[in-house]
Amino acid sequence: MNPRVRFAPSPTGPLHIGGVRTALYNYLFAKKNNGTLLLRIEDTDQTRFVEGAEEYIIEAFQWLGIPFDEGVGIGGEYGPYKQSERKALYKPYAEQLVRDGWAYYAFDTPEQLDAKRKEAESQKKTFQYDANTRMGMVNSLTLPAEEVERRLTSGEHYVVRFKYPADLDIHVQDLIRGEVVINSNLLDDKVLYKSDGMPTYHLANIVDDHLMKITHVIRGEEWLPSAPLHVMLYKAFGWEAPQFAHLPLLLKPDGNGKLSKRDGDRLGFPVFPLQWHDPKSGETSSGYRESGYLPEAVINMLALLGWNPGNDQELMSLDELINLFSIDKISKAGAKFSLDKAKWFNHEYILMKPAAELRPHFRKILDEKGVTCSDEYLDAVTDLVKDRLNFLPDFWEQASYFFVAPTEYDPQALKKRWKEGTGEKLRVIDEMLCGIQPFDKDKAHDMVMQYIQDNELNMGQVLNSLRIALVGTARGPELFTMIDVIGIEEVHKRVMKAIEVVNL
RNA sequence: GCUGCGUUCUUCUAACGGUUAGGAAUCAAGAUUCUCAAUCUUGCAAUACGAGUUCGAUUCUCGUACGCAGUACCA
């Protein structure tokens with residue numbers, strides 16, 4: 001049977017990069033095994049709804065190039081794929097559990113529960129709604145049947161809680177961690193169905209996964225503690241449970257702990273795929289896209305944070321990742337995000353891209369700077385500078401002199417490379433270069449070299465002073481190639497200007 | 001606190017129970033006969049600790065330490 005997996009975010013804000021990795025692993029697993037990946041929106045908590053979050057999620061995956069086969073925004077035969085639109089469907093399942101003795105109605109108010117917790121806390125204990133305490137609470141186990149019926153029909157608020165059998169060892173088989181065993185006495189009677197008529201994550205995810213014929217649940221490690229509940233729910237419904245795989249967490253680069261939005265702001269890297277503008281707080285969080293990462297690089301980097309192909313290969317296209325992916329190569333321990341490694345990946349991917357594919361990104365930068373040029377010129381410049389870019393926006397810093405003449409000259413470079421008489425020499429060289437008709441960079445190179453030799457000049461001095469005149473500092477690609485690209489007329493202008501401005 | 005999960009260079013990680021514990025990023029040095037990058041070469045650097053099993057443990061078991069996660073009518 002072909003596997004069916006899902007990515008099921010809750011639309012409470014921008015998609016965290018850890019969530020992106022979870023989705024990526026689901027995607028790789030699905031594609032590797034000829035399976036189906038679906039997108040389900042888990043919006044059972046109406047109080048946490050955030051405007052625009054769902055659209056953000058969809059756009060993020062479009063940018064990343066991870067297509068879903070089924071789900072919100074796509075459709076499919078197991079819809080609707082948004083849990084709020086499935087609301088009516090969950091109640092009968094909750095009732096079925098109560099009928100079968102796997103759950104019960106509970107009428108305790110939030111205030112009562114709070115009081116219980118406070119009371120326990122004052123005795124340095126924690127209150128847990130479980131096999132030990134439930135008989136002392138207000139629920140359908142302790143109330144007479146008629147009273148329960150009365151409360152239910154009179155519209156009184158209630159929740160449905162799962163009723164764990166006492167002292168039962170629950171076994172969870174995890175594809176990454178092996179067997180995990182936990183005793184039911186340690187678990188609390190989780191709420192399955194809320195008083196607002198919505199299921200909790202626990203109920204909804206089991207019902208939906210079953211109805212949507214999910215075969216493998218691949219999700220973050222933070223879900224491991226509730227996996228026993230989920231296993232029990234499948235048992236209670238008499239359904240076959242999917243296989244579980246709990247992914248290691250993505251950790252912050254310094255110290256320990258889960259990677260959070262704050263770390264990104266603090267350490268200067270994005271934790272979200274796309275820039276996000278929070279409608280409530282008004283604050284903006286940076287995104288990988290806006291920071292100049294290539295989606296392929298982000299995917300490659302993310303794939304390797306917690307997984308490896310079993311060999312030394314690090315640069316892999318999405319197709320290669322799919323081909324190589326397997327769950328048993330996923331590591332157990334959390335992985336720290338590394339900005340240096342991310343930078344390296346992005347650099348490698350920029351290197352791999354032909355100039356024409358980079359063109360739209362750089363064209364945008366030029367537009368912002370008010371610069372126009374032909375595609376041919378842009379591509380020529382791109383080929384000359386792309387090996388010195390880590391991120392797309394580095395382009396201007398590394399290539400601006402191809403578009404605008406320098407307005408100032410680096411004093412340090414000047415001090416080292418511009419001596420008395422340099423101006424005269426440049427004038428001679430400039431004349432020489434202008435005399436080459438039509439211009440030919442090899443010829444130019446030979447002529448200048450010959451000039452240097454004949455006059456017993458220092459090559460480093462001459463060439464670098466010319467470079468400073470063109471770039472403004474001692475940087476940049478091979479000098480004569482640069483002259484060729486910039487064009488002899490513009491070169492002439494810049495040399496004249498430098499001689500005038502520097503004036504030694 | 002309790003429960004669970006985890007622990008190989010600074011970081012990401014590899015290693016049927018048998019290797020000089022490998023690769024990559026970072027960093028350093030050198031090479032590229034104009035600069036700065038890029039690139040290439042070389043180098044630095046690790047099995048948390050303690051027991052046990054075994055002819056032999058990075059690998060299996062137990063304990064300790066440390067870290068993380070969970071412990072809501074949130075997902």
Side-chain angles (χ1 to χ4, degrees), chain A residues 8-12 42-45 47-48 83 106 108-110 113-114 117 121 124-126 128-129 157-161 172 174 176-177 180-183 185-188 190-196 198-202 204-205 219-228 246 248-249 251 253-258 301 304-315 329 331-345 347 351 385-390 398 413 416-417 448-449 452 458-468 471 473-480:
Chain A
S10 110
T12 52
E42 311 223 325
D43 55 350
T44 51
D45 187 355
T47 62
R48 295 213 302 160
Q83 290 182 328
D108 317 86
T109 64
L113 290 171
D114 250 18
R117 286 194 190 99
E121 206 175 304
K124 298 220 159 177
K125 288 183 193 157
T126 28
Q128 186 166 281
Y129 211 123
H157 278 352
Y158 69 91
V159 299
V160 175
R161 284 181 182 271
V172 178
D174 186 272
I176 295 170
R177 285 150 219 286
V180 178
V181 184
I182 185 148
N183 189 281
N185 286 352
L186 274 358
L187 274 9
D188 66 326
K190 278 268 177 294
V191 171
L192 301 177
Y193 192 78
K194 299 184 274 187
S195 60
D196 65 357
M198 280 292 238
T200 60
Y201 168 84
H202 303 293
N205 118 78
R219 78 237 292 191
E221 191 185 350
E222 66 268 27
W223 291 110
L224 193 52
S226 51
H246 289 94
L249 262 20
L251 273 19
D254 61 339
N256 293 297
K258 220 164 38 158
M301 167 198 76
L304 255 22
L305 240 33
W307 172 85
N308 74 85
N311 56 39
D312 290 340
Q313 201 178 354
E314 292 207 273
L315 262 9
K329 286 254 183 295
S331 39
K332 295 183 175 77
K336 281 186 189 174
F337 175 91
S338 160
L339 180 58
D340 278 326
K341 200 75 184 243
K343 196 189 278 184
W344 177 78
F345 270 113
H347 176 253
L351 243 38
V385 303
K386 72 173 182 178
D387 60 5
R388 45 190 84 214
L389 309 180
N390 287 321
Q398 296 297 337
K416 195 173 171 197
R417 304 295 192 182
V448 173
M449 288 307 170
I452 289 170
N458 181 314
M459 185 163 64
Q461 291 297 327
V462 175
L463 263 26
N464 276 302
S465 58
L466 181 49
R467 177 180 293 281
I468 293 168
V471 179
T473 186
R475 266 196 345 185
E478 202 276 325
L479 187 59
F480 294 94

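Just so we're on the same page: letters track the sequence lines, and every chain starts at 1.
- In this structure, A/Q83 and A/M198 have side chains that are not in contact, with every pair of non-hydrogen atoms separated by 4.5 Å or more.
- Proximity of a side-chain donor or acceptor of A/S195 to a complementary backbone N or O of A/H157 within less than 3.5 Å is not detected.
- For the atom pair OG (A/S338) and CG (A/L305), the distance works out to 8.5 Å, reported to the nearest 0.5 Å.
- Among the heavy atoms of the strands lying under 4.0 Å from A/P477 is at least one base atom, whether or not backbone atoms are also near.
- Comparing the P positions of B/rU58 and B/rA51 gives a spacing of 14 Å, expressed to the nearest Å.
- The side chain of A/E221 approaches B/rC5 more closely than any other nucleotide in the set B/rA75, B/rC5, B/rU35.
- Nucleic acid contact class of A/S226 (heavy atoms, under 4.0 Å, all strands): none.
- Taking a pair to require two hydrogen-bonding distances under 3.5 Å in either a Watson-Crick or a G-U wobble arrangement, B/rC16 remains unpaired.
- B/rA21 sits 14 Å from B/rC16 when the P atoms are compared, rounded to a whole Å.
- Closest to the side chain of A/D340, from the set B/rG22, B/rA25, B/rG70, is B/rA25.
- Residue A/I182 is classed as a sugar-phosphate contact, given heavy-atom separations below 4.0 Å to backbone atoms only.
- For A/K125 and B/rU3, the NZ to P distance is 16 Å, given to the nearest whole Å.
- In this structure, A/E121 places its CD atom where only 12 or fewer heavy-atom neighbours from other residues, nucleotides or ligands lie under 6.0 Å away.
- Looking at heavy-atom distances under 4.0 Å, A/K258 makes contact with sugar-phosphate atoms alone, never a base.
- Between A/W223 atom CH2 and B/rC5 atom C1' there is a gap of 16 Å when expressed in whole angstrom units.
- B/rG30 and B/rC40 make up a base pair, with Watson-Crick or G-U wobble contacts both under 3.5 Å.
- Heavy atoms of A/H347 sit under 4.0 angstrom from primed sugar atoms or phosphate atoms, though from no base atom.
- Within the 4.5 Å cutoff, no side-chain heavy atoms of A/V159 are placed close to those of A/T200.
- When heavy atoms are screened at a 4.0 angstrom cut-off, A/G476 is found touching base atoms of the nucleic acid.
- Heavy atoms of A/T126 sit under 4.0 angstrom from at least one base atom.
- For B/rC62, the paired base is B/rG50 (Watson-Crick or G-U wobble, both distances below 3.5 Å).
- Residue A/R48 is classed as a base contact, given a heavy-atom separation below 4.0 Å to a base.
- Within the structure, a side-chain polar atom (N or O) of A/N308 is placed less than 4.0 Å from OP1 or OP2 of B/rA14.
- Atom CG of A/D188 is separated from atom P of B/rG70 by 14 Å (rounded to the nearest Å).
- Comparing the P positions of B/rA31 and B/rG22 gives a spacing of 27 Å, expressed to the nearest Å.
- Both distances falling under 3.5 Å, in either a Watson-Crick or a G-U wobble arrangement, occur for no nucleotide opposite B/rC73.
- To the nearest 0.5 Å, atoms NZ (A/K258) and CD (A/E221) are separated by 10.0 Å.
- The interatomic distance linking A/K332 (NZ) with B/rA69 (C1') rounds to 17 Å, in whole Å.
- Residues A/L389 and A/R161 each lie close to RNA chain B; by heavy-atom proximity, the contact nearer the 5' end of the strand is made by A/L389.
- Ring-plane geometry between A/W223 and A/H202 is classed as perpendicular, the angle between the planes exceeding 60 degrees on a 0 to 90 degree scale with a lower cut at 30.
- Residue-level contact check: A/Q398 touches neither bases nor backbone, having no heavy atom under 4.0 Å from any strand.
- Taking atom P on both B/rC60 and B/rA15, the two are 12 Å apart, rounded to the nearest angstrom.
- Nearest to the side chain of A/R388, among B/rA37, B/rG1, B/rU39, sits B/rA37.
- For A/P225, whose side chain is taken as the heavy atoms from C-beta onward, the closest listed nucleotide among B/rA38, B/rG70, B/rC5 is B/rG70.
- One finds no side-chain N or O of A/R417 lying less than 4.0 angstrom from the OP1 or OP2 phosphate oxygen of B/rC36.
- Between the NE2 atom of A/H246 and the C1' atom of B/rG70 there is a distance of 11 Å, given to the nearest Å.
- At the heavy-atom level, A/V191 lies under 4.0 Å from the strands shown only through sugar-phosphate atoms.
- Residue A/K386 places none of its side-chain N or O atoms closer than 4.0 Å to OP1 or OP2 of B/rA37.
- As a whole-Å value, the separation of A/Y193 OH from B/rC73 P is 16 Å.
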- Begin with the C-alpha distance, continue with both residues' side-chain angles, and end with the deciding distance and a verdict on side chain to side chain contact (heavy atoms under 4.5 Å, CB included) for A/M301 and A/W344. CA-CA 9 Å; A/M301 167 198 76; A/W344 177 78; over 6 Å; no
- Trace of the side chain to side chain contact (heavy atoms under 4.5 Å, CB included) decision for A/D188 with A/K190: CA-CA 6 Å; A/D188 66 326; A/K190 278 268 177 294; 2.8 Å; yes
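- Within the 4.5 Å cutoff, the side chain of A/I176 has no heavy atoms near those of the A/H246 side chain.
- Nucleotides B/rG23 and B/rG4 have their P atoms positioned 39 Å apart, rounded to a whole Å.
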- Item | Verdict with reasoning, A/V172 to A/I182, per side chain to side chain contact (heavy atoms under 4.5 Å, CB included) | CA-CA 8 Å; A/V172 178; A/I182 185 148; 5.6 Å; no
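- No engagement by A/N185 is indicated, since no non-hydrogen atom pair under 4.0 Å with the nucleic acid exists.
- Residues A/M449 and A/D45 both approach RNA chain B. Their nearest nucleotides, taken by heavy-atom distance, put A/M449 toward the 5′ side.
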Enumerate all atom pairs, one protein N or O and one N or O from nucleotides 8-12 of chain B, separated by less than 3.5 Å.
| unit_1 | atom_1 | unit_2 | atom_2 | d |
| --- | --- | --- | --- | --- |
| B/rC12 | OP1 | A/K336 | N | 3.1 |
| B/rC12 | O2' | A/L304 | O | 3.1 |

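- Relative to the side chain of A/L351, the nucleotides B/rC5, B/rU13, B/rA38 differ in distance, and B/rA38 lies closest.
- As rounded to the nearest Å, B/rC44 and B/rG6 have P atoms that lie 34 Å from one another.
- For A/R475 and B/rU35, a side-chain-to-base donor-acceptor distance below 3.5 Å is absent, hydrogens and geometry of angles not being considered.
- Nucleotide B/rA45 forms a pair with no other nucleotide shown, judged by Watson-Crick or G-U wobble geometry with both contacts under 3.5 Å.
- For the atom pair CD of A/Q398 and NZ of A/K386, the computed distance is 14.5 Å after rounding to the nearest 0.5 Å.
- No engagement by A/R219 is indicated, since no non-hydrogen atom pair under 4.0 Å with the nucleic acid exists.
- Residue A/D387 contributes atom CG, which lies 12 Å from atom P of B/rA37 at whole-angstrom precision.
- Using Watson-Crick or G-U wobble geometry with both donor-acceptor distances under 3.5 Å, B/rC9 finds no partner in any strand shown.
- The separation between A/Y201 atom OH and B/rG70 atom P is 13 Å, rounded to whole Å.
- When the C1' atom is used for both B/rU64 and B/rU54, the distance is 23 Å, rounded to whole Å.
- For the P atoms, the distance from B/rU11 to B/rA48 is 12 Å, rounded to whole Å.
- Across all strands shown, B/rA21 has no partner, as no Watson-Crick or G-U wobble contact with both distances under 3.5 Å is found.
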